[in-house]
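Working notes for the structure below.
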Amino acid sequence: QVQLVESGGGLVQPGGSLRLSCAASGRTLNYGAIGWFRQAPGKEREGLSCISSNDGLTSYTESVKGRFTMSRDIAKNTVYLQMNSLKPEDTAVYYCATGAFCVGSKSGHLYGVDSWGKGTLVTVSP
């Protein structure tokens, strides 16, 4: 089973940027798909973005489309989430996960999650 470790979270002002990393070990990320999720206090976990391992195509949920960009470095077995124009409502714990496939091309949702990282906290505040 793959182990996932997120990093890069922290405190940032509104309008600022952060880049999250998700490093995998135990197996490569060349199978299935990888997704980013977040969970804000008192809210359910939501899927943000997804990347297909076979072709590298990405999809995003509407709330982050145009602001967040997911990418991967196959050689480093790592995926990234570049977050720009951050808003206070982006405050949450961010998780990466591996799974079966990305649902559609526009949802940012990862289906069939089989491994989760422990998360990294992002706080957007003046």
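It should be emphasised that the depicted structure is a prediction, and the values quoted were computed from it without experimental measurement.
- The ring pair (Phe, Tyr, Trp, His ring centres under 6.0 Å) analysis of residues 100-126, with sequence neighbours excluded, yields the pairs Phe37-Trp116, Phe101-Tyr111.
- If you chain together hydrophobic residues whose side chains sit under 4.5 Å apart, Leu110 and Ile51 never meet in one group.
- Listed by first and then second residue, the salt bridge (Lys or Arg N to Asp or Glu O under 4.0 Å) pairs involving residues 66-75 are Arg67-Asp90 (not counting sequence neighbours).
- Sorted by first then second residue, the disulfide bond (SG atoms under 2.5 Å apart) pairs that include residues 40-78, not counting sequence neighbours, are Cys50-Cys102.
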Distance-only donor-acceptor hits, side chain of residues 8-34, under 3.5 Å, sequence neighbours excluded:
unit_1	atom_1	unit_2	atom_2	d
Ser17	OG	Asn84	OD1	2.9
Thr28	OG1	Asn30	N	3.4

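- Applying the salt bridge (Lys or Arg N to Asp or Glu O under 4.0 Å) test to every pair with at least one member in residues 3-12, sequence neighbours left out, gives no pairs at all.
- Listed by first and then second residue, the ring pair (Phe, Tyr, Trp, His ring centres under 6.0 Å) pairs that reach into residues 47-90 come to none, sequence neighbours excluded.
- Residues meeting the salt bridge (Lys or Arg N to Asp or Glu O under 4.0 Å) test with Lys118, sequence neighbours left out: none.
- Sequence neighbours left out, the pairs with a member in residues 93-102 that pass side chain to side chain donor-acceptor pair (under 3.5 Å) are Arg38-Tyr94, Thr98-Asp114.
- Partners of Gln1 according to the side-chain hydrogen bond (donor to acceptor under 3.5 Å, both in side chains) rule, which considers only residues two or more places apart in sequence or in another chain, are Ser115.
- For Lys76, the side-chain hydrogen bond (donor to acceptor under 3.5 Å, both in side chains) criterion is met by no residue, not counting sequence neighbours.
- Taking the salt bridge (Lys or Arg N to Asp or Glu O under 4.0 Å) definition, one finds that Glu44 meets it with nothing, sequence neighbours left out.
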